[in-house]
Amino acid sequence: MAMEAGKLPTAGKPIRCRAAVSRKPGEPLVIEEVMVDPPMPHEVRIRIICTSLCHSDITFWKMKDPPGCFPRIFGHEAVGIVESIGENVDEVTEGDVVVPTFMSDCGECADCKSKKSNLCSKLPFKVSPWMPRYETSRFKDLNGEVLYHFLFVSSFIEYTVVDVAHLTKIDPAIPPNRACLIGCGVSTGVGAAWRTANVEAGSTVAIFGLGSIGLAVAEGARLCGAARIIGVDTNPDKFEIGKKFGVTDFVNAGNCDNKALSQVINEMTGGGAGLASLVHEAYACCRKGWGKTVVLGVDRPGSQLTFSSFDVLHSGKSLMGSLFGGLKAKSDIPILLRRYADKELRLDEFVTHEVGFEDINKAFELLIEGKCLRCVIWMGK
């Protein structure tokens, strides 16, 4: 019997492949053979080309208590090729190049239809060990034990299954070791400046923390035409790196002569710039009247923020959270990749290291030691 056009012989069957499995919190990942089920309705199985390591992977890899859970397949910044599709999938087809995202974009709910929100209410964001629609896993080890998903992506594996609401089809001409960055960190930072803060040309932006996401915020602010981009970090080496992404001024947070960070920045800017303690400092140096403080990333479970009622009532400032930089994956990812192709958005500078899949633990070491921004992990090299 002839095979259906476009379908691979693996379609509809489990695939045996390699995965880097996290068995215990904080311990090196183990590369082992696992089984990946075929996609259910609204799901897509993809072959990962390459993936990059994000700090969120490390945060949850170290986490001993819920939502930490093991054994788990981490990874959520990746690019892949569609191997097979489940029922009710018409956005992508076999052979398409796709970027998975931890945020869904269903295109049907009130939030996804609105320009004001990227927080899908049909498949809301949560740190779940399962697939989003069915609360089940598509992974098992060779003993039949269930392996948990991570952020609806799980890319430290040769084949993964992702809900179609979490997939964006991209231009196959974009190099995969650049496209994968758009799955989380760079998009979160650039989007926070571009979409959430809506940075205006000529404005001043202060960024607390110049890791990959902070540098991506700087890049977003630069693209928006910010006149002054102040980088705040305890590592002075970050200023030289930051200059590549548009940082114009640097404040060493560990060397402020007994002044509060907010006081130093207020003095620098004549009134203010556009983790929990860091949020307070950022809010304190945010300009009265129209300043915005945007909070990104992952905090410890149970962390609290406390503000004086007087400050909130009298300052006219905004404090807002931003998941995935306020971006809508299916419409905004193609825009960012087009801007990269047009040499406007800088992605090359974020990739400081590249390793093969068997050296994935080296990527963890580099990021933990602060020696890299993004390490790309190639599946086939």
Side-chain angles (χ1 to χ4, degrees), residues 8 10 15-36 45-62 70-83 95-102 138-142 147-151 153-162 167 170 172-186 211-212 337 340 347-381:
L8 294 170
T10 48
I15 285 181
R16 181 169 167 163
C17 68
R18 294 185 306 159
V21 180
S22 181
R23 290 271 170 197
K24 291 181 181 167
E27 293 193 4
L29 307 189
V30 183
I31 294 191
E32 56 185 88
E33 299 264 305
V34 302
M35 301 304 296
V36 182
R45 190 162 58 185
I46 63 176
R47 178 172 67 81
I48 299 291
I49 304 169
C50 62
T51 178
S52 47
L53 180 63
C54 172
H55 264 289
S56 301
D57 295 304
I58 289 176
T59 301
F60 287 95
W61 165 71
K62 288 179 176 174
F70 300 87
R72 191 172 223 170
I73 297 172
F74 284 102
H76 63 284
E77 288 188 347
V79 63
I81 295 173
V82 174
E83 173 269 340
D96 283 348
V97 179
V98 290
V99 168
T101 52
F102 68 91
R138 301 292 164 269
F139 308 129
K140 290 188 184 75
D141 68 12
L142 295 187
L147 304 172
Y148 296 118
H149 290 252
F150 182 59
L151 296 184
V153 176
S154 289
S155 58
F156 296 163
I157 183 169
E158 290 175 321
Y159 287 85
T160 190
V161 179
V162 180
L167 277 183
I170 66 160
I174 303 288
N177 58 347
R178 300 297 180 257
C180 64
L181 305 182
I182 290 293
C184 177
V186 172
S212 294
L337 289 175
Y340 168 70
L347 290 179
D348 300 350
E349 291 81 356
F350 284 98
V351 179
T352 52
H353 299 77
E354 303 193 37
V355 298
F357 189 40
E358 55 285 345
D359 295 321
I360 190 166
N361 288 305
K362 177 72 176 166
F364 275 70
E365 289 166 21
L366 288 165
L367 201 57
I368 290 165
E369 290 166 8
K371 290 182 178 171
C372 85
L373 293 178
R374 276 295 182 268
C375 180
V376 172
I377 299 145
W378 286 91
M379 285 297 160
K381 284 194 178 177

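Note that the structure is a prediction, hence the values are computed from the model and not measured. By convention here, the first residue in the shown sequence is residue 1.
Residues Ile46 and Thr160 have side chains in contact (heavy-atom distance under 4.5 Å, counting atoms from C-beta outward). The shortest side-chain heavy-atom distance between Pro176 and Trp378 falls under the 4.5 Å cut-off. For the pair Val355 and Cys375, the minimum side-chain heavy-atom distance is below 4.5 Å. Contact check for His76 versus Cys54: side-chain heavy atoms found under the 4.5 Å cut-off. Pro71 has its side chain out of reach of Phe139: every pair of non-hydrogen atoms, C-beta onward, lies at least 4.5 Å apart. Contact check for Thr51 versus Cys180: no side-chain heavy atoms found under the 4.5 Å cut-off.
A distance of 9.5 Å separates CD1 of Ile377 from CG of Asn361, quoted to the nearest 0.5 Å. To the nearest 0.5 Å, atoms CG (Leu181) and CZ (Phe350) are separated by 8.0 Å. With rounding to the nearest 0.5 Å, the separation of CZ in Phe60 from CZ in Phe70 is 10.5 Å. Taken to the nearest 0.5 Å, the CG atom of Leu142 stands 7.5 Å off from the CD atom of Glu32. Here the CG-CZ distance, from Leu347 to Arg178, works out to 7.5 Å after rounding to the nearest 0.5 Å. Thr10 contributes atom OG1, which lies 15.5 Å from atom CZ of Arg16 (distance to the nearest 0.5 angstrom).
Between the side chain of Glu77 and the backbone N or O of Gly185 there is at least one donor-acceptor pair closer than 3.5 Å. The closest donor-acceptor contact from the side chain of Ser22 to the backbone of Leu29 lies at 3.5 Å or more, if one exists at all. Formation of a donor-acceptor pair under 3.5 Å by the Arg45 side chain with backbone atoms of Val36 is found in this model. The closest donor-acceptor contact from the side chain of Glu354 to the backbone of Val376 lies at 3.5 Å or more, if one exists at all. Formation of a donor-acceptor pair under 3.5 Å by the Thr352 side chain with backbone atoms of Lys371 is not found in this model. Judged purely by atom type and a 3.5 angstrom limit, His149 has no side-chain atom pairing as donor or acceptor with the backbone of Val162. With Trp61 contributing its side chain and Ser56 its backbone, the two residues share no donor-acceptor pair below 3.5 Å.
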Exercise for review: Start with the C-alpha distance between Val21 and Asp141, add both sets of side-chain angles, then the distance that settles side-chain contact (heavy atoms from CB on, under 4.5 Å), and finish with yes or no.
Suggested key: CA-CA 9 Å; Val21 180; Asp141 68 12; over 6 Å; no
Exercise for review: Decide yes or no on side-chain contact (heavy atoms from CB on, under 4.5 Å) for Val79 and Cys50, but give the supporting numbers first.
Suggested key: CA-CA 6 Å; Val79 63; Cys50 62; 3.9 Å; yes
Exercise for review: Test side-chain contact (heavy atoms from CB on, under 4.5 Å) on Ser212 and Leu373 and set out the steps.
Suggested key: CA-CA 5 Å; Ser212 294; Leu373 293 178; 3.7 Å; yes
Review point. Hey, mind stepping through Met379 and Ile49 against side-chain contact (heavy atoms from CB on, under 4.5 Å) and telling me if it holds?
Key: CA-CA 6 Å; Met379 285 297 160; Ile49 304 169; over 6 Å; no
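Nearest heavy atoms, Ala179 versus Ile170: CB-CD1, 3.6 Å. The heavy-atom pair separating Pro172 from Val97 by the smallest distance is CB-CG2, 3.7 Å. Residues Tyr340 and Pro175 share a closest heavy-atom pair of CE2-CD, 4.1 Å. Scanning both residues, Arg374 and Leu53, for their nearest heavy atoms gives CD-O, 3.4 Å. When every heavy atom of Ile157 is checked against every heavy atom of Ala19, the shortest pair comes out as CG1-CB, 3.6 Å. Nearest approach of Ile48 to Ala78, heavy atoms of both residues: CD1-CB, 4.0 Å.
Salt bridge status for Glu83 with Arg47: absent, with no side-chain N to carboxylate O gap under 4.0 Å.
Remark: aromatic rings of Phe74 and Phe156 are distant, center separation not under 6.0 Å.
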